[in-house]
Amino acid sequence: MNHRPVIGIITAKVAEEAQRQLLRGILQKAKDADAEVVVISNIYNFNEYFAGTEVENKIYDLIVSPRLDGLILTAESFMNEQARQYIYRRILASGLPVIVTGASLPDMNCLNNDVSADFEEIAAHLTDVHHFTEFDFLTGPENLETSFERITGFRRSLARRGLTLPDVNVIYGDFWMHSGEALANAYLSGSRRMPQAVVCANDYMAYGVCDTLLANGVKIPEELTVIGYEYVGERFYHYPILTTYLRNREVLGAQAVAKLLAKIQHHPAEDFSVKGQLICGDTCTCGVNRIQLGHELTATRRKQYYTTLNYEGNFEQQLTLCRSITDYIHTMQEFVYLVRDVVGLYLCLYENWTAGDAPVTLKTNTDHAPMLCYRIISQTQPISNEPQYFLRDQLCPEHLSGARESNFLYFAPIFFSGRELGHFILQYDKPDSYDPIFGDWLKIATNGLESLRMKNDIHALLECQNLSVHHDTATGLWNRSGFYTEMERAVSKAKPGDSMILILLRTSVFADDNSIDGQTISVRMEVQIAESLKKVATGKHEFCAKLGEHLFCLGAVGNYAADQEQLVHDQLRTLILHTSLYREHCGPDTLVSVFSRVPAQGTDPLQQNMLLLDQINSRIADISSVRSHPSYQDYRLLRRSIFSDPQKEWNAQDTCRSFHLSYGHFRATYKELFGVSFHQDVIACRISLAKNLLLTTALSMQVIAYQCGYDDDKYFLRQFRQHTGCTPNAYRNQ
C-alpha cells in the first residue's frame, strides 16, 4: 500500500456517550498508526421503522466507496433490525476487510469486551470490599445473550467465594429506567424482599431504582447499595451519584483498528487487554471520586455552553431568510461557531437536490451520482461560493483526504420528508467527535435548506403560469383541452396501418389529501408522476396529459410493434409505483390503469378515452367492495410493507402469527382480498422492483438480483422470465 490507509467506521447515533468512548480509542489508535478515519453515521437511529427517516440510512451506501481500505462496524449501536440487515448487505457488497465490535456476526471477525469478566470484578468488589452476601441482579431481556453473560460472570465470581445467586434473585428488564422503577416499587410494596445490594446490568436501570427509592424515603446506600454498568455519563442528573463500571470501549476501539490494519497490511495483529474499571460513587459506601466527577461536570458545562449558544442565537431565523444557495452558505459561515471544535465543515448536495425527487429515492444507481461540495470552513482552501463537483462514491473532493497529518471526517445525512438531499462533512484534526448538540444544529440547517428548496419550487410554479392555456401549470403536461387537440391533429395525419394507443391511469385511489399537508404532498407526487410519463413518452406523436384530479393519460399515434402498448403500460406502472412519494403515501393497490390499441384513422380520441374511463370506474368500484372487508386495512398495510421491502425474507407462516390466524385462514383471506396468493405476491413485488431497477439504473443483473432478495441470480432470471415473458436484458433494451 503506497498511501495512508483510510478506515471507514460504520456506526449509529455517534453522539451517544457509548459510541464516543469507542471512537476515542479508534481515532487515537488511527492517529498513532498514521491512518485516516471516515466516520459514517445516521442521526436518529430509531428502533421502529419511520418512513420519513428511513432515508437517513442511505448514508451507509458510502460503504462501497473505492477510497476506503477497510471497515469497522460498531454493531451494537444499531437498534433497527432493517437498518442492520441493509448495512450488512452493503458491507458484503463492498468486499472490504471488516472488524465488528460489540456483537457477533457470521463470517466476520468480531471483537467485544469480556462482559462476564467485568461482572466478576463487580461481584468481587461487593463481596471483598463491602462483605455482602445477598444480591438481586437486574439484567436485560431474557432473549439476549448479553443479558446472560452478565449474570454468568457475577455467579462465577460468587462461586469462587462459596456464594450463590439463585434464579429467584434474577430479574429480567429491558435496559431502560422503567425496569428499575418496577423493581423499586416491588421493594416498596413488600412483594419483594430488599437485599443488601442490587446489581443493574446498565446505568439506566440503576437510575430507575435509585430515583424511585429516593422519592419514597429509602436511604441509599445505608439501606440498599446500588451498582450500575456502562458509565453512560449522566450520573450528576441523579442522586446519589451512581457507582458504576466503565466498560473499556476505548481499548476495544484501539484493538479494532490494530486488527483491521493488520488485515489490510498483512502483518500480525497486536494483542490488547480490554479490562474495565469501577467508577465509585455514593450509591455504595466507597464514595464518589471527586476528580472523576469534576471531569464529568466540566464536560457538561461545556456542552451546556454550546447548547445556550444554539438556543439564544438567531441561526434558524437567518436561514429562513435565504433566497439562494449563496445566501445559505454565507449564513452557515456566520454561525459556524455553533459547531464545536471542527476545523472543516462542508456541505455536499446532489447536483439536482432542488428537484422534487432526489435520485436515491428512485432506487437508481447513486454510487456515481454527481454531487456539489460547498466549503463552509476549510483547512486548506480559501472560502469560495463556487462548489466543487465530485462523484458520490468518491466520498468527498480530493483535497479533504490527506489534507493534514491527522484527518478525521464525519459524514452526517441531510434529508427531509423521505428525500435524501446529501450530507454534511465535519473535519477534525484531533481525536474528537460531535455531541448531541450537533443533532439540533443539523435539524436547523436541514430545515433551512428545505425552505430554500421550496422557494425554488414556488418560483418554478409561478413560472409555469406563463405556459399556454393548453398545459397543466403544476406538472407542465398537456391539460384536457391541449391533449385532445394534439391527439386529433396526430390522428388526422395518421397513415394506413397506424395505431392509436391510449393508457389511462387513476392514481391515489381513495387518498385523502384535503389537509394542507396532504395537498402539498399530492402536488409533489403528481410532479413525480409527470416525470414518469415523460420518461416513457419520447416520440414526436406521443403525448402526456393530466386530464383531471388524479387522472393521467398517455396517448400515441404511429406504427408501433405488436404488444407495444402492453410493454409501455407495464413500464409506466412500474415507474409510478416506485417513485418515492407514491411508494410512501399510496402503495400498489391505489393505482388503477387500463389501455387500448385501435386503428388510428377515423377514431375519436375523446370517445375512446371515455370507454377507458368507464373501465377505470368499474375497477374502482370492485376495489371499494373489497375494502369493506373487516381485515382489509391490516392486510393492506402488510402488502404495502412487502412492496416497500420485497428483498426481505417474507414467510407466510411467520407472518400469519402476527395476525393471530391459522396458516390456512391467512392464505385464503389474502387471496380473497388481492386476487393473488401471498407467495406469488411476494414474487411479483420483487419482480416489480427488478423492473424499476432495469428501467432506471445501469446495475448488473447480479446486483439487481441481490437487491431484490435473490441469492441465486440464475433463479432470479428464471422467475423474471416466468413473470414477464422475457429476460431482464430484453426488458431493459425494449
Side-chain angles (χ1 to χ4, degrees), residues 46-51 54 78-86 88-89 106 140-145 147-148 172-174 509-512 573-574 577-578 582-592 618-691 705-712 715-716 718-724:
F46 289 121
N47 186 32
E48 300 296 329
Y49 169 81
F50 287 93
E54 176 198 21
F78 290 95
M79 299 172 63
N80 184 282
E81 178 62 27
Q82 184 178 354
R84 278 197 291 266
Q85 293 301 321
Y86 179 80
Y88 186 58
R89 291 194 297 269
E142 196 169 1
N143 62 334
L144 292 184
E145 181 183 354
S147 300
F148 289 97
Y172 293 97
D174 62 0
V509 176
F510 305 110
D512 179 13
R573 283 186 59 89
T574 298
L577 288 173
H578 287 276
Y582 205 91
R583 188 176 64 246
E584 177 181 341
H585 295 281
C586 295
D589 56 341
T590 65
L591 175 62
V592 180
S618 176
R619 294 193 182 185
I620 292 176
D622 293 338
I623 296 173
S624 180
S625 64
V626 173
R627 287 171 64 91
S628 63
H629 191 285
S631 300
Y632 178 80
Q633 290 301 327
D634 292 334
Y635 280 79
R636 182 181 69 87
L637 292 175
L638 169 63
R639 198 182 193 208
R640 284 185 61 178
S641 298
I642 297 171
F643 186 81
S644 297
D645 189 20
Q647 59 268 50
K648 177 181 173 181
E649 284 294 330
W650 292 97
N651 182 284
Q653 290 185 333
D654 292 339
T655 305
C656 72
R657 294 191 188 103
S658 64
F659 286 78
H660 306 290
L661 297 173
S662 68
Y663 178 54
H665 184 72
F666 170 79
R667 291 179 60 197
T669 303
Y670 196 96
K671 188 164 187 178
E672 176 188 353
L673 292 175
F674 304 119
V676 63
S677 71
F678 177 86
H679 176 68
Q680 288 300 318
D681 211 17
V682 171
I683 296 174
C685 290
R686 290 182 171 183
I687 298 301
S688 178
L689 175 60
K691 290 177 183 177
Y706 184 79
Q707 290 195 10
C708 295
Y710 292 92
D711 294 326
D712 183 351
Y715 182 57
F716 161 69
R718 185 162 63 251
Q719 277 204 339
F720 191 93
R721 185 192 290 271
Q722 288 173 352
H723 275 255
T724 64

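Starting from 1, each residue takes its place in the sequence as its number.
When all heavy atoms are compared, the tightest approach of P646 to S644 is CD-C, 3.5 Å. The heavy-atom pair separating S147 from G140 by the smallest distance is OG-C, 3.1 Å. The nearest pair of heavy atoms linking G709 to E649 is O-OE2, 4.4 Å. What you find for L577 and P588 is that their closest heavy atoms are CD2-CA, 3.7 Å.
The number of heavy-atom neighbours closer than 6.0 Å to CZ of R640, taken from other residues, nucleotides and ligands shown, is above 12. The environment of Q633 atom CD is dense: over 12 non-hydrogen atoms of other residues, nucleotides or ligands sit within 6.0 angstrom.
Using a 3.5 Å distance cut-off with no hydrogens or angles, the side chains of Y632 and D589 do pair a donor with an acceptor.
Atom-to-atom distance recorded for Y86:OH and F78:CZ is 12.0 Å, nearest 0.5 angstrom. Rounding to the nearest 0.5 Å gives a distance of 13.0 Å between CZ of F678 and OG1 of T669. Taken to the nearest 0.5 Å, the OH atom of Y172 stands 4.5 Å off from the CD atom of E142. Residue H723 holds its NE2 atom at 5.0 Å from CD of Q680, rounded to the nearest 0.5 Å. To the nearest 0.5 Å, atom CZ of residue F666 and atom OG of residue S631 are 10.5 Å apart. Between the CG atom of D645 and the CG atom of L689 there is a distance of 9.5 Å, given to the nearest 0.5 Å.
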task = Run the numbers on K691 and T724 for side chain to side chain contact (heavy atoms under 4.5 Å, CB included), then give the verdict.
result = CA-CA 10 Å; K691 290 177 183 177; T724 64; 3.5 Å; yes

Evaluation steps, side chain to side chain contact (heavy atoms under 4.5 Å, CB included), between Q85 and Q647 = CA-CA 11 Å; Q85 293 301 321; Q647 59 268 50; over 6 Å; no

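Put simply, the side chain of S688 reaches to within 4.5 Å of the side chain of H578, judged on heavy atoms. Contact of the C685 side chain with the W650 side chain is not registered, since no non-hydrogen atoms from C-beta on lie closer than 4.5 Å. A heavy-atom distance below 4.5 Å is not found between the side chains of V509 and L591. Within the 4.5 Å cutoff, the side chain of H629 has no heavy atoms near those of the Y635 side chain.
A centroid separation of less than 6.0 Å is found between the aromatic rings of F674 and Y670.
Ion pair R639/D681 flagged as a salt bridge, since at least one NZ, NE, NH1 or NH2 atom sits closer than 4.0 Å to an Asp/Glu carboxylate oxygen.
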